[in-house]
Number of protein chains: 2
Amino acid sequence: MTLSLPDLTKNQSLVFETLSQAEAPLSAYTILDQLRSEGFRAPLQVYRALDKLLEHGLIHRLESLNAFVACRHSHKHQGTTVFVICGRCGDVDELTDQVVNDQLMQRAVERDFTVESAMVELRGCCGSCSQ
Amino acid sequence: MTLSLPDLTKNQSLVFETLSQAEAPLSAYTILDQLRSEGFRAPLQVYRALDKLLEHGLIHRLESLNAFVACRHSHKHQGTTVFVICGRCGDVDELTDQVVNDQLMQRAVERDFTVESAMVELRGCCGSCSQ
DNA sequence: AACAAACACGTAATGTCATAACATATCGAT
DNA sequence: ATCGATATGTTATGACATTACGTGTTTGTT
């Protein structure tokens, strides 16, 4: 399950593994607590690793939760990622949608706006939890 | 310019006026500082007012900035609001887009997900700033 | 008018998320 | 072997938000 990837440093690997094994988004401080046994002592150790993992596209930050998740899809298919977040179980699904992406970019162009990053997050209740 | 609205309390009015006159999103603590001369002493005075204003739909919270703006449009036209945020001048534009809204809701329904709230924020550079 | 419930307010303390600043160590290419 | 770039360790601090508790004010009912 552990793919070998753009060589990660020890700290980066530890943080990535922690996120990969989590079933819900984790805050940086939760990650820190889980890695204390591995020698982590300070938030910055986590944040630095998170920054690199974000750069590599291996994880995502959920703005509405101030938390992080491991990326699930190989995001070769560019474009805006829509995060679908269940508030009950914490499960996060990712999807890319051409229509949403194109329409957002179109609306931006219309008003002469250059998009540098886009955030789309749906919060609610997933199918499993609403039964 | 100051419409009379669902009766706001003194604190709520002060916070709303502050946001209305601002040219960019303000953090709760920035609002607090601006209202110290009016007797504000603690963050909670601001947050409580913000909560009520959010309930009334008079302001919005920008998740990607941890900041707040006064609402510009009369949001009678329901649906997901797209925030278009310039990182240079801080200007925030709001728009509602039926296509984006419908598509997001469609994708949610497909996977049996009940949307409770949706956040769409575009960050980048506005036309004025890129000239 | 008297009362109770609901709401708003004041204040202090604390919790949560994130970065600045500075020192040291490790890796890679010449 | 050395130099530059990158990664790391540690402390302190900044920025955002809530809990807990007590008081005051409004409002609707009897």
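Every chain is numbered from 1 and lettered A, B, ... according to where its sequence line falls, protein lines coming before strand lines. What you see is a predicted model, and the numbers here were worked out from it, not measured in a lab. Heavy-atom basis, side chains included; hydrogens, waters and symmetry copies ignored.
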For [N], does either OP1 or OP2 sit under 4.0 Å from a side-chain N or O belonging to [X]?
X	N	answer
T9(B)	dC9(C)	yes
R61(B)	dA17(D)	yes
Q45(A)	dT8(D)	no
K52(B)	dA8(C)	yes

Among the candidates [options], find the nucleotide nearest to the side-chain atoms of [X].
X	options	result
R48(B)	dC22(C), dT18(D), dT11(C)	dT11(C)
N66(B)	dC16(D), dT8(D), dT18(D)	dC16(D)
L44(B)	dT8(D), dA8(C), dA12(C)	dA12(C)
Y47(A)	dC16(D), dC17(C), dT10(D)	dC17(C)

Find the distance [X]:[atom1] to [N]:[atom2] and express it as a whole number of Å.
X	N	atom1	atom2	result
Q12(A)	dT6(D)	CD	C1'	10 Å
K10(A)	dT8(D)	NZ	C1'	11 Å
L65(B)	dC17(C)	CG	C1'	15 Å
R41(B)	dT23(D)	CZ	C1'	16 Å
L8(B)	dT26(D)	CG	P	16 Å
D7(A)	dC27(C)	CG	C1'	11 Å
L50(B)	dC16(D)	CG	P	13 Å
D51(B)	dC7(C)	CG	P	14 Å

Do the non-hydrogen side-chain atoms of C125(A) and E116(B) ever get within less than 4.5 Å of each other? yes
Compute whether any side-chain donor of one residue and acceptor of the other, for E121(A) and S64(A), lie under 3.5 angstrom apart. yes
With a 3.5 Å cut-off and no angle check, do the side chains of D102(A) and Q106(A) form a donor-acceptor pair? no
Does L35(A) share a hydrophobic cluster with L32(A), counting links as ILVMFWY side-chain heavy atoms below 4.5 Å and allowing steps through other members? yes
Is it true that D33(B) and R36(B) have a side-chain N and a carboxylate O under 4.0 angstrom from each other? yes
Strand-adjacent residues in residues 21-37 of chain B, judged by heavy atoms under 4.0 Å from DNA chain D: S27(B), Y29(B)
Around atom CZ of R111(A), are there more than 12 heavy atoms from other residues, nucleotides or ligands closer than 6.0 Å? yes
Flag if over 12 foreign heavy atoms under 6.0 Å of CD, E110(B): yes
